Asker: 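Just passing along the structure, written as structure tokens.
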Amino acid sequence: MIQRLIRKIFGRRASTVPRIIPVSQHGIHREQIHPCALKITRTLRAEGFAAFVVGGAVRDLLLKKTPKDFDIATNATPDQIQALFRRARSIGRRFQIVHVYCGADTIEVTTFRASQDSAGETPEDEGLRQTAADGLILRDNVFGTQMEDAARRDFTVNALYYDPHDETVWDYHEGVADAQKRVLRMIGDPKTRFREDPVRMLRAARFSAKLDFHIDVATRAPIAELAPMLKRIPSARLYDEMMKLLLSGHAERGVHQLRAEGLHHGILPILDTVLDDPIHKPFIHAVLHDTDLRVREGRSASPAFMLAGLLWFAFRNALEGLPDNATMYDIMDETLERQRKQLAFPRRLDGTIKEIWALQPRFEQRNGARPFRLLDHPRWRAGYDFLLLRGHGADATAAELADWWDRFEAADDSTRNAMLLPTTGERRTRRRRNRGPKRSTHDTTEGGQPS
Ligand code: ATP
Ligand code: MG
């Protein structure tokens with residue numbers, strides 16, 4: 001209460017009146033807005049509602065970047081929004097959002113929500129907002145004014161509203177000035193805001209990496225102390241947020257930012273080991289760097305491939321101490337389960353991760369019919385890309401193998417046959433296979449060089 005009063009009196013950011021900035025100053029034109037988002041804001045406006053493009057899209061356009069998605073904020077309630085659009089669905093429990101479908105695209109439309117400070121003031125708010133004893137918001141569906149909606153957003157650059165009708169930007173928290181200074185600044189008291197939702201700490205790391213922004217000193221200050229609060233966050237949400245960071249096109253910088261802030265402990269503790277180890281580090285960097293390139297070039301980058309890379313050494317190390325009665329696949333399962341306790345990546349990714357790992361020793365088998373069969377493997381490309389990155393990660397054997405496979409793939413049949421290695425290993429493998437598949441998969445893997 002006192003804090004709120006102080007902020008009201010002194011806080012330069014507790015603005016009740018937005019700065020309304022004309023297009024001549026911010027340079028965002030209507031044509032840059034997704035046609036579906038334009039259609040939705042027009043429809044809402046025609047019905048007498050306020051409707052703005054908000055959040056990341058405005059921020060990115062201001063920074064001359066291409067927005068990932070276009071979100072809309074309005075004073076229409078979810079029911080009113082749904083009544084206006086034929087293809088619309090209300091989703092979300094923590095926040096109620098309406099998805100409006102438009103062709104193949106989906107636009108998120110949210111009703112202005114109240115900020116933490118003003119919540120719970122009326123009896124009706126009770127039950128709509130739940131806050132735990134330590135400040136964590138559990139449910140947040142209190143509708144509010146646009147000003148309140150701006151105040152409950154995380155960073156000043158994320159609280160900009162663009163009105164496509166007159167091309168103005170509504171700025172309640174000096175977000176445009178911060179964007180010019182390239183500063184990521186929390187709205188309100190950073191400690192309180194991180195306590196309300198610890199995921200904002202991960203978002204701080206992500207946005208500072210993605211935007212190449214400096215985290216404001218006061219915003220950064222409480223992170224080290226509050227980082228353990230991430231344990232309170234459901235692991236599925238942590239996974240989603242981590243993937244946003246890892247597949248943002250700025251994973252290399254983002255992972256370093258995470259580590260610098262000590263935020264990885266409860267999520268990907270393996271980063272400590274792999275980024276400090278001179279043998280592991282080049283490979284992890286190769287994985288992150290390559291993913292960044294792919295994303296920036298608009299090519300596909302899969303969560304499974306990323307996880308296969310980040311967890312490769314966890315798997316390799318577990319394999320070292322393989323007990324006699326365990327197979328390579330047991331170790332894979334065990335590695336994935338152990339990691340999943342921290343980062344709840346979906347089980348549907350396991351198959352691909354395991355296939356990528358299991359293909360690695362098979363690249364060493366370059367005799368007989370095996371290389372031909374391997375080329376037909378549905379995951380050949382992912383496996384080969386992984387091998388290539390192991391090579392880039394200072395594994396000379398993997399680099400040599402990747403070079404051989406590169407040439408083998410490009411060659412005609414007679415050249416391929418000439419490239420095959422003598423089949424001396426054939427009998428050995430057969431004998432191994434007779435000892436049962438358990439040992440054979442392990443042995444061949446062990447033959448691979450840890451990168
Ligand atoms: P991106 O480009 O990654 O989509 P974004 O800023 O659009 O970035 P979203 O996660 O799509 O991020 O969220 C949209 C907007 O919702 C944000 O810009 C911010 O205003 C608000 N927001 C999202 N998550 C939070 C949060 N945890 N706390 C406060 N505000 C949030
Ligand atoms: Mg967004």
Side-chain angles (χ1 to χ4, degrees), residues 33-34 37 52-74 91-92 94-99 105-117 119 129 131 135-142 144 146-162 169-173 175-176 178-179 184-190 192-213 219 226 229-230 232-234 237-251 254 263 295-296:
I33 307 297
H34 194 292
F52 294 85
V53 176
V54 69
V58 189
R59 176 198 66 216
D60 291 349
L61 288 172
L62 192 66
L63 296 168
K64 311 277 178 247
K65 288 175 181 282
T66 312
K68 209 171 57 151
D69 41 41
F70 287 82
D71 300 327
I72 290 172
T74 175
I91 58 142
R94 193 171 176 279
F95 296 139
Q96 210 185 343
I97 297 170
V98 180
H99 274 173
D105 295 303
T106 305
I107 304 280
E108 279 190 11
V109 185
T110 44
T111 306
F112 293 145
R113 281 195 293 263
S115 70
Q116 170 74 0
D117 283 354
R129 178 188 296 278
T131 310
L136 185 90
I137 296 182
L138 303 174
R139 218 151 69 90
D140 190 7
N141 268 325
V142 185
Q146 185 177 358
M147 180 202 81
E148 288 171 321
D149 188 77
R152 63 104 199 149
R153 290 180 183 272
D154 46 8
F155 304 103
T156 60
V157 287
N158 284 351
L160 297 169
Y161 297 76
Y162 178 78
V169 166
W170 294 38
D171 182 3
Y172 288 85
H173 296 279
V176 172
D178 283 344
L184 193 71
R185 192 191 312 272
M186 181 62 88
I187 296 169
D189 172 50
T192 313
R193 302 302 313 283
F194 285 133
R195 275 180 183 282
E196 281 170 11
D197 183 4
V199 165
R200 289 173 186 151
M201 296 187 271
L202 292 182
R203 291 173 61 86
R206 171 158 73 91
F207 289 127
S208 79
K210 168 177 162 158
L211 307 170
D212 198 10
F213 272 28
T219 298
L226 298 180
M229 271 195 87
L230 283 173
R232 297 278 320 271
I233 301 299
R237 187 163 175 233
L238 281 186
Y239 169 76
D240 285 346
E241 198 54 44
M242 269 306 283
M243 272 305 147
K244 280 190 191 171
L245 184 143
L246 293 172
L247 302 178
S248 67
H250 304 273
L263 290 167
V295 174
R296 290 189 210 179

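Counting starts at 1 for both ligands and their atoms, following the listed order. What you see is a predicted model, and the numbers here were worked out from it, not measured in a lab.
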Asker: On a heavy-atom basis, which atom in D149 and which in A73 lie closest, and how many Å separate them?
Answerer: OD2-CB, 4.4 Å
Asker: Is ligand 1 less than 4.0 angstrom away from at least one heavy atom of E108?
Answerer: no
Asker: Hey, looking at atom 4 (O) of ligand 1, which of K244, K68, K65 has the closest heavy atom?
Answerer: K68
Asker: Evaluate the salt bridge (charged side-chain N to carboxylate O under 4.0 Å, His left out) criterion for residues R193 and D154: first the C-alpha distance (whole Å), next the side-chain angles of each, then the deciding distance (0.1 Å), finally the verdict.
Answerer: CA-CA 8 Å; R193 302 302 313 283; D154 46 8; over 6 Å; no
Asker: Show the atoms of ligand 1 that are less than 4.0 angstrom away from any heavy atom in R59.
Answerer: 1 (P), 2 (O), 5 (P), 6 (O), 8 (O)
Asker: Using a 4.0 Å cut-off to any heavy atom of R200, which atoms of ligand 1 qualify?
Answerer: 26 (C), 27 (N), 28 (N), 29 (C)
Asker: From atom 5 (P) of ligand 1, work out which of G56, P67, G55, A57 has a heavy atom at the shortest distance.
Answerer: G56
Asker: Using a heavy-atom cut-off of under 4.0 Å, does the side chain or the backbone of D71 touch ligand 1, or both, or neither?
Answerer: side chain
Asker: With heavy atoms of R152 as the reference, note each atom of ligand 1 found under 4.0 Å away.
Answerer: 29 (C), 30 (N)
Asker: Working note: T66 + D60, criterion side chain to side chain contact (heavy atoms under 4.5 Å, CB included); need CA distance, chi angles, decisive distance, verdict.
Answerer: CA-CA 6 Å; T66 312; D60 291 349; over 6 Å; no
Asker: Of all heavy-atom pairs between I233 and R237, which one has the smallest distance, and what is that distance?
Answerer: CG2-CB, 3.9 Å
Asker: For N/O/S atoms only: which one belongs to D69 and is nearest the Mg ion (ligand 2)?
Answerer: OD1
Asker: Based purely on interatomic distance, does R193 place a nitrogen or oxygen under 3.5 Å from a nitrogen or oxygen of ligand 1?
Answerer: no
Asker: What part of R153, side chain, backbone, both or neither, has a heavy atom within less than 4.0 angstrom of ligand 1?
Answerer: both
Asker: Provide the closest heavy-atom pair for M186 versus P190 in the form atom of the first, atom of the second, distance.
Answerer: CG-CA, 3.8 Å
Asker: Checking side-chain contact (heavy atoms from CB on, under 4.5 Å) between I97 and each of T110, T111, D71, which is the one that passes?
Answerer: T110
Asker: If you take all heavy atoms of V157 and R59, which pair is closest and at what distance?
Answerer: O-CB, 3.3 Å
Asker: Locate the shortest heavy-atom distance separating I187 from R153; write the atom from each residue and the value.
Answerer: CD1-O, 3.6 Å
Asker: Within less than 2.8 Å of the Mg ion (ligand 2), any N, O or S from E108?
Answerer: no
Asker: What part of D197, side chain from CB on, backbone N/CA/C/O, both or neither, has a heavy atom under 4.0 Å from ligand 1?
Answerer: side chain
Asker: In terms of relative ring orientation, are Y172 and Y161 parallel, tilted or perpendicular, with 30° and 60° separating the classes?
Answerer: perpendicular
Asker: Look only at interatomic distance and state if F207 has a nitrogen or oxygen under 3.5 Å from any nitrogen or oxygen of ligand 1.
Answerer: no
Asker: Backbone, side chain, both or neither: what part of D69 comes under 4.0 angstrom of ligand 1, heavy atoms only?
Answerer: side chain
Asker: Which pair of heavy atoms, one from F70 and one from A57, lies closest together, and at what distance?
Answerer: CD2-CB, 3.7 Å
Asker: Decide whether the shortest distance between a heavy atom of E196 and an atom of ligand 1 is less than 4.0 Å.
Answerer: no
